[in-house]
Amino acid sequence: MIAGLTKRYGSRTVVDDLSLTVRRGEVYGFLGPNGAGKTTTLRALLGLVRPTSGTALVLGRPAGAASSGVGALIEGPGFYPYLSGRENLRVLARYAGAPAGRVDTVLRTVDLTDRARDRYSTYSLGMKQRLGVASALLKDPELVVLDEPTNGLDPAGISDMRALLRRLSADGHTVLLSSHLLGEVEQVCDRVAVISSGRLVVESSVGELLGLHRLVIEAEPLDEAAAITTRLLGPERVSVVGGAVHAQAGPEDAARINRALVLADVEVSGLRQEAQTLEAVFLEMTGSELVAAGPDPDGPPAQRTGRLSRRGAER
Amino acid sequence: MSTTTETEGTGSGTPEPAGPARGTAEAGRRTEPTGRTAGSLGAMTGAELTKLLRRPATWVLVGLWPALQLVFSTVIPFVSYQRGATFEGLPPEAVLASMLPDQLVLNSLSGLPLFGGALLLTLGALLAGSEYGWGTLKTLLGQGPRRLQVLAAQLLALLVVLAVAVLVSFGLTALASGAIAAGESATADWPTVGRLLRGLGGGLLIAATWGSLGLLLGHALRSTALPIALGLVWVLAVENLIVNVAAPLLGAFDTAQAALPGVNAGSLVAALAGDGATLRTPGVAAIVDGAQAAGVLAGFLVLFTVLTALLLTRRDVV
Ligand SMILES: Nc1ncnc2c1ncn2[C@@H]1O[C@H](COP(=O)(O)OP(=O)(O)OP(=O)(O)O)[C@@H](O)[C@H]1O
Ligand SMILES: [Mg+2]
């Protein structure tokens, strides 16, 4: 869908020769840290900004020429503060050519019906965000583009959003979703792309990226723990970092490793699953060719200071 | 990479077996037209009108001009007339004559070259500029209209509101001057339908020129405060300085003033007022003749609109 897209603002190259393909019917996660160029790419996809070079095709037509069948929420909601939520959507429905009945449908979808009569300026952050999502759904579009849709949502709101994304996907919509948290998209996305500084780092299925889960084992004696883990997983997936064994292993391996360690009389004082932060993923991806070629990362991620929130395993 | 890859997706000719929900949704989707789906221009204009009418600022600006117009062209002269005093050097009889129905066109439009213009320019600037501040332009464009459709809808809605403002000004002035004529038992010599229509059309032309300048400034500067400030300074101060200070001193300015929007607006009002009218409102003066003024204003209206269109279609909306 996007081929060789480049966008420069002055001398700063914000998106650099980016090529991605979102397949019809899938939920596609678009990941990157702050300033990676996600929003800029999505804007180009919608024809809001003109790429310096390269093309973006949306549903087979050039971006901008065809916003048909695309609904989007880009970088936060933008609405008329003096109109109510429903009036805002009515205005947009007229621009979209959507039937007036859609307004109430999408309000129900995002659970805003009971506040629809209130002025937009009185909405809370999460309500504004949900109204933004509602506006993206007005046309019942084939492709839904959501730029960080969970911004400002509480945990219940986030899980509602996840359910909504699944429902959209089940109804046959294609969803393109940006985020800076891998953990946020991995549960709903079929495939993800990770970009950093405007360049594509990896485009792969979530299953492959989940191979990047890390098991942190604190045990005594450390050497023996490392040896046992290495025997189970192979040398390329195990390393010793700062007094702990780091293993590239998902939750499914944890019990097996734990049992082996205990049977070998190793004192296990800590065993926790760490989801990779994107930053770690970037370092791995850029640090080793092996990783770029496949899901199996070579060696441990380098030590890092987690700028992006680090998530303990919750699943 | 895209076209080829897309046909590999599930959207290709042979749909994959799927659950019933998915099947119906896709079947429903297929009946949609394949082209761009966006509202009609009429619907978009309606949306813009809704936005304008629900906005308190519109009412303030559009109400203020006719109200001030009435105060300055009729109420104040009438109070002065009742006291029997001279008003701006005119004897009371002349003051009365200047408020009677035959002066309806002049008294309804005399504020447009200056304060009326400033207020209507502000309306245009608010209409265009706040879309950027609120981030609503990207939301609108995200619904699929072409950028020129958005501009056309904005312009049409603005024209409707301006036309109503001109009508209200005529209506208020007509009521007041009719009442004065009846109260003072003076002859109510109403303008002919032709003059009235020319007055309405000319008033709308002037209002549209100012409004489109506001629209241009709002889009160009992507905000409201700066365009309004610049517009006001231009309409209320710069043109005045050029006409009253620079033009008498320098020949170049004397020629240049004939190309200013405010000067042409003032000349058009003077021409529409007719020959016998006393022109006492600042900004209203027959510097160029009426046909030329109308031509220049129409030229400005087109120029401002084209510039706005070029700007809007070329720019990155962030
Ligand atoms: N209009 C603009 N002019 C100049 N630079 C811009 C403009 N818009 C974006 N940028 C720059 O482009 C880079 C990428 O911005 P972008 O908004 O695409 O990042 P992002 O991936 O969406 O980040 P975030 O996670 O913070 O939303 C940033 O360095 C930003 O400063
Ligand atoms: Mg962003």
Side-chain angles (χ1 to χ4, degrees), chain A residues 1-4 9 19 21-26 39-40 43 46-50 55-60 65-83 87-88 90-98 132 135-136 138-142 145 170-174, chain B residues 1-3 5-12 16 18-19 21-29 32-40 42-48 50-51 54-57 130-131 133-147 149-150 153 314-318:
Chain A
M1 273 183 150
I2 298 179
Y9 285 116
S19 299
T21 308
V22 180
R23 299 182 192 135
R24 285 194 189 194
E26 76 180 350
T39 302
T40 307
R43 281 191 184 121
L46 289 171
L48 290 177
V49 306
R50 220 167 284 276
T55 54
L57 284 189
V58 182
L59 307 174
S67 314
S68 66
V70 185
L73 167 63
I74 302 288
E75 188 134 279
F79 290 100
Y80 303 97
Y82 56 90
L83 295 180
E87 287 165 339
N88 264 297
R90 285 220 178 105
V91 164
L92 295 174
R94 284 169 144 184
Y95 264 99
S135 75
L138 265 181
K139 289 206 287 189
D140 193 15
E142 199 170 336
V145 177
D171 285 348
H173 297 263
T174 308
Chain B
M1 115 190 264
S2 2
T3 16
T5 339
E6 260 171 45
T7 49
E8 289 165 15
T10 56
S12 62
E16 54 167 14
R22 182 175 199 138
T24 42
E26 289 203 345
R29 190 151 298 110
E32 277 178 19
T34 45
R36 165 187 291 265
T37 51
S40 65
M44 294 184 201
T45 308
E48 287 297 325
T50 310
K51 278 154 52 180
R54 297 301 312 271
R55 197 171 173 177
S130 31
E131 298 280 346
W134 291 329
T136 41
L137 188 58
K138 68 167 189 220
T139 312
L140 281 187
L141 291 174
Q143 297 297 339
R146 282 168 218 281
R147 295 188 183 191
Q149 286 179 312
V150 175
R314 265 139 218 263
R315 82 146 35 124
D316 285 350
V317 175
V318 292

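Quantities reported herein were computed from a predicted structural model and do not represent experimental measurements. In the text below, chain A, chain B and the rest are named by the order of the sequence lines, each starting its count at 1.
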*Side chain, backbone, both or neither: which part of L83(A) has a non-hydrogen atom closer than 4.5 Å to chain B?*
side chain
*Flag, side chain of K139(A) to backbone of Q143(B), donor-acceptor distance under 3.5 Å*: yes
*Part of R147(B) within contact of chain A (heavy atom distance under 4.5 Å)*: side chain
*Compare every heavy atom of F79(A) with every heavy atom of T139(B), then report the nearest pair and how far apart it is.*
CG2-CE2, 4.3 Å
*With a 3.5 Å cut-off and no angle check, do the side chains of T50(B) and R94(A) form a donor-acceptor pair?*
yes
*asked:* Using heavy-atom distances under 4.5 Å, tell me whether R50(A) contacts chain B through its side chain, its backbone, both, or neither.
replied: both
*asked:* As a quick check of understanding, evaluate side-chain contact (heavy atoms from CB on, under 4.5 Å) for L141(B) and L48(A), giving each step before the final call.
replied: CA-CA 8 Å; L141(B) 291 174; L48(A) 290 177; 3.8 Å; yes
*Would you find a donor on one side and an acceptor on the other, under 3.5 Å apart, between the side chain of Y80(A) and the backbone of E131(B)?*
no
*With respect to chain A, which residue among A43(B), G42(B), S130(B) yields the maximal number of heavy-atom pairs within a distance under 4.5 Å?*
A43(B)
*Compare every heavy atom of Y82(A) with every heavy atom of K51(B), then report the nearest pair and how far apart it is.*
O-OH, 2.9 Å
*Set of residues satisfying salt bridge (Lys or Arg N to Asp or Glu O under 4.0 Å) with respect to R54(B), sequence neighbours excluded*: E87(A)
_Expected output: side-chain K138(B) to main-chain P77(A) donor-acceptor under 3.5 Å_ = no
